[in-house]
Amino acid sequence: DNEKSMKQLIDDRKRVQEQADKLKEQLSAERDQRKQFSKLQDSMEKTITDLQAKCEHLGEKSVQLKESYAALVDKLKESEKREADLANQLEKQDEEKHLSLKKAHEEEKEKMRQ
């Protein structure tokens, strides 16, 4: 009877030890998972921070591009206005030249008649 109790105690101790070993393995696996999760979380936070910085940079670039585009449009309008002014000046000069030639021609005709 004593031997039976002793054997049972040894068996119970083995079972308890096996359960403790399993729990230790589970605990170790959970710790590893937590470490991996923590690394993943850190990586995601860094990625989010990087993306926020890139978005901010792109926003600034967008503003710069809009300003540059507006400046180019203004320069184009100024250039078109100068071109139109020059065209008008050339047209006036051509008319004046034409009238001057016409007048000179008529004066010459007049001189020929006299």
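Nothing fancy with the numbering, it's 1 onward along the sequence. Because the structure is a prediction, the values reported are computed rather than measured.
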K54/D50 salt bridge by N-O under 4.0 Å criterion: no
Criterion side-chain contact (heavy atoms from CB on, under 4.5 Å) on R13 and L9, from CA distance to verdict: CA-CA 6 Å; R13 186 171 172 211; L9 279 173; over 6 Å; no
E3 atom CD, neighbour heavy-atom count above 12 within 6.0 Å: no
Stepwise side-chain contact (heavy atoms from CB on, under 4.5 Å) check, R113 with E110: CA-CA 5 Å; R113 285 188 195 149; E110 194 63 36; 3.7 Å; yes
Interatomic spacing from CG in L40 to CD in E45 - rounded to 0.5 Å: 10.0 Å
CA sep, side-chain torsions, deciding dist, call: Q41, F37, side-chain contact (heavy atoms from CB on, under 4.5 Å): CA-CA 6 Å; Q41 187 177 14; F37 178 78; 3.8 Å; yes
Inter-residue atom distance D1.CG - S5.OG, 0.5 Å rounding: 5.5 Å
Between CE on residue M44 and CG on residue L51, distance to nearest 0.5 Å: 11.0 Å
Approximate separation, where rounding is to 0.5 Å, of E95 CD and E91 CD: 5.5 Å
Main-chain N/O of K24 paired to S28 side chain as donor or acceptor, under 3.5 Å: no
Salt-bridge criterion met for D12 and R15 (N-O under 4.0 Å): yes
Test item: S38 side-chain N/O and R34 main-chain N/O as donor-acceptor pair under 3.5 Å: no
Spacing of E30 atom CD and L23 atom CG [to the nearest 0.5 Å]: 9.5 Å
Pairing of D85 and K81 as salt bridge, 4.0 angstrom limit: yes
CA sep, side-chain torsions, deciding dist, call: K22, E25, salt bridge (Lys or Arg N to Asp or Glu O under 4.0 Å): CA-CA 5 Å; K22 285 181 183 176; E25 285 177 23; over 6 Å; no
Whether S79 side chain and K75 backbone form a donor-acceptor pair below 3.5 Å: no
V63: which of K61, K66, E67 passes side chain to side chain contact (heavy atoms under 4.5 Å, CB included): E67
From CA spacing to verdict: side chain to side chain donor-acceptor pair (under 3.5 Å), D21, Q17: CA-CA 6 Å; D21 290 344; Q17 186 63 45; 3.2 Å; yes
Distance (rounded to the nearest 0.5 Å) between E80 CD and E78 CD: 11.0 Å
